[in-house]
Amino acid sequence: MTQIIINLNNKEEETFVETFLKKMKISFEKNEDDFELTDEMIAAIETALKQDKSKAVDGKESLKRIRAKHGL
């Protein structure tokens with residue numbers, strides 16, 4: 001088995017290569033260990049860290065509120 005490593009610059013390139021390989025019926029394996037946060041993700045984390053912790057709710061309570069608000 002031959003292994004080829006492709007380093008992609010962004011999600012758009014990743015999607016293109018995946019689509020190309022699938023259409024060519026070439027099997028591939030993704031290594032998700034190289035995950036890097038985008039600037040948008042970092043900004044969201046920084047915003048969340050600045051929030052008042054006394055008003056924080058756990059995941060179950062958050063889902064409960066979403067279900068109640070949106071009727072899910």
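Note that these values count all heavy atoms, side chains included, but never hydrogens, waters or copies made by symmetry.
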Let me confirm one number: the [atom1]-[atom2] distance from [X] to [Y], rounded to the nearest 0.5 Å.
X     : Y     : atom1 : atom2 : answer
Lys64 : Ile66 : NZ    : CD1   : 13.0 Å
Ile26 : Ile4  : CD1   : CD1   : 8.5 Å
Met24 : Ser27 : CE    : OG    : 12.5 Å

Looking at [X], I want to see if its [atom1] is surrounded by more than 12 non-hydrogen atoms of other residues, nucleotides or ligands under 6.0 Å.
X     : atom1 : result
Asp58 : CG    : yes
Lys53 : NZ    : yes
Glu40 : CD    : no
Phe16 : CZ    : no

Those residues that, when tested against Lys30, pass side chain to side chain donor-acceptor pair (under 3.5 Å) (two or more places apart):
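If we apply the side chain to side chain donor-acceptor pair (under 3.5 Å) test to Lys30, skipping adjacent residues, the hits are Glu14, Glu18, Glu32.
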Glu46/Lys50 ion pair, N-O < 4.0 Å:
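Judged by the 4.0 Å cut-off on N to carboxylate O distance, Glu46 and Lys50 do not form a salt bridge.
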Test applied, side-chain contact (heavy atoms from CB on, under 4.5 Å); reference residue, Ile45; option that passes from Leu49, Thr47, Ile42:
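Exactly one pass, corresponding to Leu49.
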